Structures are given as C-alpha cells and as structure tokens.
Amino acid sequence: MVATTSPKNVTIDGKQYDLQGLSDNAKSQLTNLRVTDQEIERLNQRLAIAQTARAAYARALNAELPKTEQ
C-alpha cells in the first residue's frame, strides 16, 4: 500500500520514506503504482455503472416477460 503523507514523504507498506532519498527508478515505479491505482479506481467505477445498468435491464426484461401461473 502506498500513501503520500506529505509532499516530501511517502508511506509504503507502513514505512515512511523521504521522496528525495529514493532512486530515480524507485520514483518511476512509485509513479507507475499511482497511475495504476487511478486506473483501477476508474475501472471499478465503470464496473459499478455496468452492474447498475445490468440490474435495470434485468428488471425491465422481467417486467416484459409473460406472467405464468405455477
């Protein structure tokens, strides 16, 4: 888990690091993680929209089906 605790620090797996002390490669990987986390959040939002739409379509279909007696 990655969290920025201040503009100069980042917490990774419960340990705090000074951003200035990280290598360029570590900073690049941190950026990659942040971008990936944003994409996951975007996809989760799209999934929620699709699930809501699916439920609405299922209700609409159910309302259109002929009623049968059992």
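Please read these numbers as outputs of a predicted model, since none were measured by experiment.
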A.B. asks: Taking all non-hydrogen atoms of both residues into account, name the closest pair between Thr11 and Gln16 and its distance.
C.D. replies: OG1-CG, 4.1 Å
A.B. asks: Any side-chain heavy atom of Asp37 sitting closer than 4.5 Å to one from Arg42?
C.D. replies: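 Sidechains of Arg42 and Asp37: no contact.
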A.B. asks: Nearest 0.5 Å, what's the CD-CG distance between Glu64 and Leu61?
C.D. replies: 8.0 Å
A.B. asks: Report, as yes or no, whether the 6.0 Å neighbourhood of atom CD on Glu39 holds more than 12 heavy atoms from other residues, nucleotides or ligands.
C.D. replies: yes
A.B. asks: Are the side chains of Leu19 and Asn9 in contact, using a 4.5 Å heavy-atom criterion?
C.D. replies: no
A.B. asks: Under the 3.5 angstrom rule, does the side chain of Thr36 hit a backbone N or O of Asn32 as a donor-acceptor pair?
C.D. replies: yes
A.B. asks: Once rounded to the nearest 0.5 Å, what's the spacing between atom CD of Gln29 and atom CG of Asp24?
C.D. replies: 11.5 Å
A.B. asks: Would you compute the distance between atom CD1 of Ile40 and atom CG of Leu47 and round it to the nearest 0.5 angstrom?
C.D. replies: 12.5 Å
A.B. asks: Is the shortest side-chain heavy-atom distance between Leu22 and Val10 below 4.5 Å?
C.D. replies: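 Answer yes - side chains close enough.
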A.B. asks: Heavy atoms only: give me the nearest Lys27-Gln20 pair and the separation to one decimal.
C.D. replies: NZ-O, 4.3 Å
